[in-house]
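Each residue takes its place number in the sequence, starting with 1. Values reported hereafter were calculated over all heavy atoms of this structure, with side chains retained and with hydrogens, waters and symmetry mates removed.
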Amino acid sequence: MRSNLSIRLLNILYSGKFVYTILLFLIIISLFRFHSFFMYKEEKNVFDLLLFSFHDFFHVFFLLSLIYLVSIFPFTTFRSFDQYAMIKFASRAKWFYTSVISMGMATLLFVLASAFICILESLLTLKFENRWSEYGAAVYDFLLKYNDIKPATLVLFSLLLVYLFFLTLGITFFVANLIVRNNVISFIITLGFNVISIVIYLSKITFFYPFTFTYHVLVGKMGSSFYSHFVQSIIYWGTVLTLLLFIGISRVKKMDFSWRQS
């Protein structure tokens, strides 16, 4: 029964309907964000909307992260095809890195789709001007006071950090599944790391901030030393991803070809 249920679940995950469902959820939550954004009366532009969406704590760490983890669920499930792929590649390491690259591409598509939806929503209502509007200047006043940076540049930095955050969640999910051999438990473990980061952030335990995900995603919180903080964040994500890849490849080398998802 469990096997039949797993097969049915995989058929759902790999159907076009699954992709459309993910996009539908992204559109719905984006529309709510769009509505909230227009509650502010100041002059705004499309870059303000993008920063509003990808700089919002609740939106990124609760809603988008949850939808993202569901969207990459198929990439974490070990299937009979993976046995074939391992043999075809003649290297478990090559299979692992190919899987990671595929997840990286899927993560990029997820982030770009989220940003593209915001842009589509603003086509008829907001200007595409690479300058700080009244709204942006007010919200990021402290950051702009000490840093010379354009809205488009800040958006690109923000999207890059959000991408690295999601990719870290995805690879954590994948590696956890290689170890515990259970999608549900792996999903919970990944959410657990995210929740720990959120709790530390909300509890304002500043000593542990540099070790959390949240500290290295929200660009508007980087303050007076923005560029220095941004470089530290890139190093942070690079270190975490390298550690995850090391754990994953070590696990794959010991994995049995006859292993099945439990």
Please tell me if the side chains of N194 and F62 come closer than 4.5 Å, counting only heavy atoms from C-beta onward. no
Residue pair I29 / L64, side-chain heavy-atom distance below 4.5 Å: yes
I188/V184 under side-chain contact (heavy atoms from CB on, under 4.5 Å): CA gap, chis, key distance, verdict: CA-CA 6 Å; I188 294 173; V184 176; 4.1 Å; yes
Could you state the interatomic distance from OG (S36) to CG (D56), rounded to the nearest 0.5 Å? 8.5 Å
Do the non-hydrogen side-chain atoms of L202 and T214 ever get within less than 4.5 Å of each other? no
Connected via hydrophobic side-chain network under 4.5 Å: V231 and V219: no
Donor-acceptor pair, distance only, cut-off 3.5 Å: does the side chain of T172 make one with the backbone of T168? yes
L160/I234 under side-chain contact (heavy atoms from CB on, under 4.5 Å): CA gap, chis, key distance, verdict: CA-CA 9 Å; L160 175 59; I234 295 297; 3.9 Å; yes
Counting C-beta onward and ignoring hydrogens, is there a side-chain heavy-atom pair between F246 and S250 closer than 4.5 Å? yes
Would you say L51 and Y135 make side-chain contact, with heavy atoms under 4.5 Å? no
Using the rule given for ring pair (Phe, Tyr, Trp, His ring centres under 6.0 Å), can you reason through H216 versus F211, listing the C-alpha separation, both sets of side-chain angles and the distance that settles it, and then say yes or no? CA-CA 9 Å; H216 297 284; F211 304 101; 8.8 Å; no
Counting only heavy atoms not in F32, do more than 12 fall under 6.0 Å of its CZ? no
Do L108 and L167 have side-chain heavy atoms sitting under 4.5 Å apart? no
To the nearest 0.5 Å, what is the distance between OG on S186 and CG on L178? 8.0 Å
Hey, is OH on Y97 packed in by over 12 heavy atoms from elsewhere, all under 6.0 Å? yes
Option from H35, H59, E121 for which side chain to side chain donor-acceptor pair (under 3.5 Å) with S30 holds: E121
Flag for T107-Y163: side-chain donor and acceptor within less than 3.5 Å: no
Straight-line distance of L24 CG to I67 CD1, nearest 0.5 Å: 9.5 Å
Parallel, tilted or perpendicular: which one describes the rings of Y227 and F157, with boundaries at 30° and 60°? perpendicular
Between G238 and T242, which heavy-atom pair has the shortest distance, and what is it? O-OG1, 2.7 Å
Please give me the minimum heavy-atom distance between L169 and Y68, naming the atom from each residue. CB-CE2, 4.2 Å
In terms of ring plane angle, is the pair F38 and F34 parallel, tilted or perpendicular, where the classes change at 30° and 60°? perpendicular
Is a side-chain N or O of S53 found less than 3.5 angstrom from the main chain of L50, in a donor-acceptor match? no
Take Y140 and L144 through the side-chain contact (heavy atoms from CB on, under 4.5 Å) test and state the conclusion after the steps. CA-CA 6 Å; Y140 303 103; L144 298 178; 4.2 Å; yes
Where do F54 and A115 come nearest, in terms of heavy atoms and distance? CZ-N, 3.8 Å
So CG of L161 and CG of L156: to nearest 0.5 Å the spacing works out to 11.0 Å
Output for pair (K150 NZ, E129 CD), nearest 0.5 Å, gives 11.5 Å
Nearest heavy-atom contact between I119 and S122 is O-OG, 2.9 Å
I need the I198 CD1 to S203 OG distance, nearest 0.5 Å. 11.5 Å
Is the number of heavy atoms from other residues, nucleotides or ligands under 6.0 Å of F57 CZ greater than 12? yes
Quick check: is V195 connected to F173 through a chain of hydrophobic side chains (ILVMFWY, heavy atoms under 4.5 Å apart)? no
Specify the closest pair of heavy atoms between L23 and A113, including all atoms of both residues, with the distance to one decimal. CD2-CB, 4.3 Å
Side chains of N177 and I185: does their closest heavy-atom pair fall under 4.5 Å? no
Apply the ring-ring contact (aromatic ring centres under 6.0 Å, His included) test between F61 and each candidate in F165, F213, F166; give the one that qualifies. F165
Which heavy atom of S133 sits nearest to which heavy atom of G136, and what is that distance? OG-N, 3.2 Å
Between F174 and F96, does the ring centre distance come in under 6.0 Å? yes
Taking the inter-plane angle between the rings of F52 and F37 on a 0 to 90° scale, is it parallel (under 30°), tilted (30 to 60°) or perpendicular (over 60°)? tilted
For the pair F230 and F226, name the ring-plane relationship: parallel under 30°, tilted 30 to 60°, perpendicular over 60°. parallel
So, does S197 use its side chain to make a donor-acceptor pair with the main chain of F193 at under 3.5 Å? no
Do the ring centers of Y201 and Y209 come within less than 6.0 Å of each other? yes
Determine whether L63 and F25 make a side-chain contact, defined as any pair of heavy atoms from C-beta on separated by less than 4.5 Å. no
Is the backbone N or O of K127 less than 3.5 Å from a side-chain atom of N45, with the two atoms forming a donor-acceptor pair by type? no
Kindly work out whether a path of hydrophobic side-chain contacts (I/L/V/M/F/W/Y, heavy atoms less than 4.5 Å apart) joins V199 to V60. no
With clusters defined by side-chain heavy atoms of hydrophobic residues (ILVMFWY) lying less than 4.5 Å apart, directly or transitively, does F128 cluster with L49? yes
Establish whether I196 and L218 are linked, either directly or via other cluster members, by ILVMFWY side-chain heavy-atom contacts under 4.5 Å. yes
Please determine whether a side-chain nitrogen of the Lys or Arg among R131 and E43 lies less than 4.0 Å from a carboxylate oxygen of the Asp or Glu. yes
